[in-house]
Structure formats: structure tokens, C-alpha cells
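Just below is one structure, and these are the notes that go with it.
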There are 2 protein chains.
Amino acid sequence: MNPAPPNPTVNAPASGAAASPTPAASGSAAGSPTFSPLYQQIKALITQSLQSGEWKPGELIPSEVELAGRFKVSQGTVRKAIDELAADNLVMRRQGKGTFVATHHEARAHFRFLRLVPDEGVPHYPESKFIDVRRVRAPADVARLLDLKSGDAVIFIKRVQSFDAVPTIVEELWLPGLIFKGLTAERLVEYKGPMYGLFETEFGTRMIRASEQIRAVCADAGAAELLHIASGTPLLCSERVSFTYGDKPVELRRGWYLTTRHHYQNELN
Amino acid sequence: MNPAPPNPTVNAPASGAAASPTPAASGSAAGSPTFSPLYQQIKALITQSLQSGEWKPGELIPSEVELAGRFKVSQGTVRKAIDELAADNLVMRRQGKGTFVATHHEARAHFRFLRLVPDEGVPHYPESKFIDVRRVRAPADVARLLDLKSGDAVIFIKRVQSFDAVPTIVEELWLPGLIFKGLTAERLVEYKGPMYGLFETEFGTRMIRASEQIRAVCADAGAAELLHIASGTPLLCSERVSFTYGDKPVELRRGWYLTTRHHYQNELN
DNA sequence: GAGTGGTCTAGACCACCGA
DNA sequence: CGGTGGTCTAGACCACTCT
């Protein structure tokens, strides 16, 4: 056992009972056993339940005391695990009510990934117009970023987003065909709200984090036409890969942003 | 008293002794008294000591038990306060050694604000060449962003930064003259390493966080010459305001980044 | 009032560091 | 070895929400 002496359940080398096996968290190759703290193991167990859909987005998860009983640890340990999950935006705590599985269906979450905001006026969500939705074979670069094999089936989506009827964003998305089987133009068009919300409820795939690379480029003819601007206008170009549980890449999104009346807002902390 | 019953020191309406007055944290206008938890008050007290320079960047601060004794609270409460300070990057914990005041003189900190990295190869710090350093009166827009009055003295700095001898960044900085009195071109040139390090050690002003707005623009004649590129080349344009303690703005930095072989890297969490 | 998360305490032991 | 932060527990009370 690792830190707490009077508790022989989770990290124990061999203990009989309880609902959670988890020899877990040992890099046990040789020399150093590399133990991990109890609360990290609890966090991993809870994360598994989230990933498996045992508790769905927006739902209430069991209370701290109940989880403490289930895992045979103190409430404080569960608390620390959930604290981290909340910091990771996997879960949301609400005093007096309980802890809820985080969801992209919330005003709060809408601007976590969309960082383009109007220079003046309040941030709001743009309107989408879909240009293209089709099943294709993954080009090499897309396959590499999505951890697929070149030629694997992917879904390609192209759309234009407008703020106050002014076209401002051209976006191309690539999604693994296996995961997003059955995603059609109709589903996309009829669905109102952020796409990540649809992915979450319709395909059980929740975006956890993303990595973005940003450049300045000249608008090519295609983008220029869609955005009603002169070819050659400078655009902000973003390439973003989004990840679900287990750091699995599940979306590649290339965006071209018109930044004459909008800007990309970033907070450095 | 607020949460803890057996402890009449920090938040107490009127208590005699102890080194920390702090009636603190009450929005006491009318109706709701708006108490704040003990650990938040401890956090505020420690932050004051950091701001006042009682413990300088890089130095060791008193141990948790000592602070607990000083503030007459439990170690757990001090711990939670320091946990938040560490999350805010004001302080750095090192097991077995102690807690240190964070500093910008560390490889770790160098890329917290500089997000432009080479497309290939390892991130590294660019070389600076200073074009201009002078005392001027603040234009209206600069004054507004730095919370000064139009016409107040400010220091203007212009420089070019190069990666592997390739000029890549043009930067213009505006600093409040009052705070950075005595900042000269010589000091800047002789100083090696990140400018925030110099600000911290030479002027006692530590940058805590920053807010950045990013756009795509065309290179004007001046930038084009400095970066050895054609006028009109698309550049990534960033306007950043940095803040010290108390959310006081103390730097305006406008940057133009050449993104042909570099990109702005951002993690969305 | 019962149940939830939020705060606070006290005490134990562990992992790491330096002398 | 003693000192530091890191983990874990157990129990108390507070603030909030709903019924």
C-alpha cells in the first residue's frame, strides 16, 4: 500500500473485495514501482465511468459520500479526485445540488473552443451554412493528424459561419468515419447549436481538449468568394485537432477567419 | 465568524490579537454581508506579501506550518491557499524543498507568454535587436489600455526578434513611464533573456497574466523592411495587455509575426 | 429538514530533499 | 536525520437547494 496505511483496497497488491479492481498505475517494469496517489486512481475510475457513458452529459453523478463508500476511501479523497475532474472541465460542481457531467449544451461551454469574437458588441454564436458534407478517403496529412491510416474513411464537412449575416468563417472539418458513421448533411442542418453538442449526444463522442496552430495567410479564390472579399485579403488560419478521452484525436478542423471586425481572443495565464 | 467555529482570528468582526487584521472580503453595502472563506483571505494576505516584495522572485517563502502558525489557522487552510497561488503561477511548490516565489527567469516560464514556435525543430528563444527606445507622451489609445491619462509619460520600445538569424517578429511596447523610470536602451541591450525577467528584477514589476487579441493583417512598408519581406505579406498581428498584481495593466505590446515558418500555438482546455 | 458540495481542523504517515 | 510538501482520514459545521 502506498500512502494511507489503514486502507487496503484500491492500490493494494492483493485484496479481496470491492467494486474496483485497479491494480493500476504501476510502471512496474523493473527498478521503480511508480505508485500513484489514491485520488489519482479514483479520478481514473470516475473518468472511466464518464467515458463508458455510465453517467451521461448533463446528468448528475453519485454524491461524494456515495462514491467514497463505493470506492472504500474517505470523502476527502473523492473530493480531491472530483476537484481535478472539475478543473479539467469533465464535470461541473453545483453547491447544494451535486456534481454533473459536463456538456457542450451550455452557453458557458460555447466559447471554450470558439475564440473569434466581434470587436464591438457582445460575443454571440454565428449562423452556419453547410457547403459540403461527404464521405471521402483520408488524405495523408489528415490521416496522420487523426491517427488513422491514409485512405481510411473520413467525413468531410465544409461550412461558412456568419455573424449578423456577415460571412466571417470558412471551416473544413475532417472526422473519423468509423466514429461518426451516419452523420449526414440533414442532421447537421436541422441541428441548432454548437456542433460539439451534436457530436456528444448523437455520437457519444465528447471533445475534451484541443490543440491549435494559427497563421496569417492570403485568402485563396474559394475562400474569397465564400466570404465576399477580395482574393488576397489576409485571413487568420487555424488548424485545430480535438481530442476525446484517452487523448484520442477525433476531429481535424481547419478554419479561415476574417478579422476585419472580429478578433481571436486569448487569455495568457 | 464564518465557517470555522473554533477560530476567532482572521474574519472575526472584532478580535484582539494576531499579525493579520483583515476584516476583509465583505461587500458590506447592505443586505448580504458576502463573507469569503478563510483560505481566500489567507491567499490574499500571502499575495500582499508577494506584491510588497517581502519575499522576492525566486526566494523561498515560509513553510506551510510556519504560515499556519503566523495566521493562526490550520496547515490545511494554508495549503489550500498556496494551492491556488501555485495554480495562478504566483508561486512554485517543490516537494522536500519548499515553496518558491515564481520568477520569469526560468526556461519553464519563457514560453508562457511567447506562443510563436517554429513549425519544425524545438522551440527556442529568439534574439532581440532594438530599433528604438524613447520616452514619449501616451497616445489616447495607449493611455486607455494602460489605464493612464492621455499625454502621460510612457516608454516606447521597438524591436525585431529573430529565430536562427531570420527576422520574424516586429514588436512595439508601451510601458508606464512612472513604473519603468530609468529604463534605457543600454539596459535592454546588455540584458540577455526575456524582458519580463528584467522588469521583474530591475523594476519590481511582475507580469501575472495577459489578454491578447489576434488578427491577420498585411505587412506595411515599415514591417516589411524590418522582416525582409514584400510589403503586403500577411502577418499575424497581436495586441496584448499584461497585468501585475491587482489586475493593474502595465504593458501594451503590439506584435507582428511572420508565420511562414512559425505558428502561434494554443492549447484549448 | 434532508441532502449536496464547501470549508476547516487535527493528526497521521509518506516521498523527497539536503545536511 | 529533520524539514518540506504530498496524501489520507475522520469528524465537525456551513451554505445552498429542493421538497
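This is a predicted model, so every value here is computed, not measured. Order of the sequence lines fixes the chain letters, A, B, ..., with proteins taken first and strands second; residue numbering starts at 1 for each chain.
When rounded to the nearest whole Å, the span between CZ of A:Arg93 and C1' of D:dC16 equals 14 Å. Atom P of nucleotide C:dA15 and atom OH of A:Tyr39 are separated by 14 Å, given to the nearest angstrom. What separates NZ of B:Lys43 from P of C:dG6 is a distance of 16 Å, to the nearest Å.
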Scan nucleotides 2-4 of chain D against the protein and return all N/O pairs shorter than 3.5 Å with their distances rounded to 0.1 Å.
residue : atom : partner : partner atom : Å
D:dG3   : N2   : B:Gly96 : O            : 2.7
D:dT4   : O2   : B:Gly96 : N            : 3.2

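Residues from residues 75-87 of chain B that place a heavy atom under 4.0 Å from any atom of DNA chain C, listed by number: B:Thr77, B:Lys80.
For B:Ser74, whose side chain is taken as the heavy atoms from C-beta onward, the closest listed nucleotide among D:dG6, D:dT7, C:dC8 is C:dC8.
A salt bridge links A:Asp88 with A:Lys43: the distance from a Lys NZ or Arg NE/NH1/NH2 to an Asp or Glu carboxylate oxygen falls below 4.0 Å. At a threshold of 4.0 Å, the pair A:Arg70-A:Glu66 counts as salt-bridged, since one of the basic side-chain nitrogens sits closer than that to a carboxylate oxygen.
Every pair tested for salt bridge (Lys or Arg N to Asp or Glu O under 4.0 Å) that includes a residue from residues 98-115 of chain B fails, sequence neighbours excluded, so the list is empty.
In this structure, A:Phe199 and A:Tyr196 have tilted ring planes: the angle between them lies in the 30° to 60° band. A perpendicular orientation is assigned to the rings of A:Phe163 and A:His124, their planes being inclined by more than 60° (bins at 30° and 60°). Ring-plane geometry between B:Phe111 and B:Tyr125 is classed as perpendicular, the angle between the planes exceeding 60 degrees on a 0 to 90 degree scale with a lower cut at 30.
Looking at A:Glu59, its side chain does come within 3.5 Å of a backbone N or O of A:Lys56 through a donor-acceptor pair.
Using a 4.5 Å cut-off on side-chain heavy atoms (C-beta onward), B:Ile169 and B:Leu114 make contact.
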